[in-house]
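Quantities reported herein were computed from a predicted structural model and do not represent experimental measurements. Atom set for the values below is all heavy atoms of this structure, side chains included, hydrogens, waters and symmetry mates excluded.
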Amino acid sequence: MSDVYVPERGDRYHLYEDCVDIGFGQLGNSTQGAGTYSVTPMSLDQAEALRKTLCRTCRKTAALRS
């Protein structure tokens with residue numbers, strides 16, 4: 001089981017696989033003719049080792065859910 005979701009592009013990780021920011025990134029990328037990219041599930045430790053930071057939308061969503 002993964003802890004976070006890391007898109008192939010960008011510098012953020014996401015707590016939720018259905019985060020709207022992942023979708024917006026995919027949409028923006030495809031409208032520029034580059035196609036979509038993969039999202040890799042991994043542990044939080046792995047994401048931080050890659051110097052990824054928490055998505056702002058996921059941070060707000062987590063605060064609302066707690």
Chemist: I need the minimum non-hydrogen distance between Gly10 and Lys52, along with the two atoms involved.
Modeler: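 Smallest interatomic distance, heavy atoms only, reads O-NZ, 2.6 Å.
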Chemist: Would Ser43 and Asp3 count as having a side-chain donor-acceptor pair, cut-off 3.5 Å?
Modeler: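 There is no such pair between these side chains.
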Chemist: Whether the side chain of Glu8 engages the backbone of Val39 through a donor-acceptor N/O pair (distance < 3.5 Å, no angle test) should be reported.
Modeler: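 No, Glu8 side chain to Val39 backbone: no donor-acceptor pair under 3.5 Å.
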Chemist: Taking the cut-offs as 6.0 angstrom to the six-membered ring centre and 45 degrees off its axis, would you call Arg65 and Tyr16 a cation-pi pair?
Modeler: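 The answer is yes; both the distance and angle limits are met.
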Chemist: State, to 0.1 Å, how close Ala47 and Met42 come at their nearest heavy-atom pair, and which atoms those are.
Modeler: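 For Ala47 versus Met42, the nearest heavy atoms are N-SD, 3.6 Å.
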Chemist: Check Arg12 against Arg56 and note the closest heavy-atom contact, atom names and distance.
Modeler: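 Heavy-atom minimum between the residues: NH2-NH2, 3.9 Å.
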Chemist: Examine distances only and state if a side-chain atom of Lys60 and a backbone atom of Cys55 form a donor-acceptor pair shorter than 3.5 Å.
Modeler: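 Not a single qualifying donor-acceptor pair exists.
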Chemist: Run the side chain to side chain contact (heavy atoms under 4.5 Å, CB included) test against Arg51 and tell me which residues pass, sequence neighbours left out.
Modeler: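 Per chain and number, Arg51 pairs via side chain to side chain contact (heavy atoms under 4.5 Å, CB included) with no residue.
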Chemist: So, taking the atom named OH in Tyr5 and the one named CG in Asp21, what distance separates them when rounded to the nearest 0.5 Å?
Modeler: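 Reported value, rounded in 0.5 Å steps: 15.5 Å.
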Chemist: So with a 6.0 Å cut-off around CD of Glu48, is the heavy-atom count from everything else above 12?
Modeler: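 Correct, the count exceeds 12.
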Chemist: Could you check Tyr13 against Leu44 for side-chain contact (heavy atoms from CB on, under 4.5 Å), going step by step and ending with a plain yes or no?
Modeler: CA-CA 8 Å; Tyr13 65 84; Leu44 178 58; 3.4 Å; yes
Chemist: Within this structure, what is the OG1-CG distance for the pair Thr61 and Asp18, rounded to the nearest 0.5 Å?
Modeler: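 Thr61 OG1 to Asp18 CG: 9.0 Å, rounded to 0.5 Å.
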Chemist: Could you check Leu15 against Leu54 for side-chain contact (heavy atoms from CB on, under 4.5 Å), going step by step and ending with a plain yes or no?
Modeler: CA-CA 8 Å; Leu15 299 176; Leu54 178 58; 3.6 Å; yes
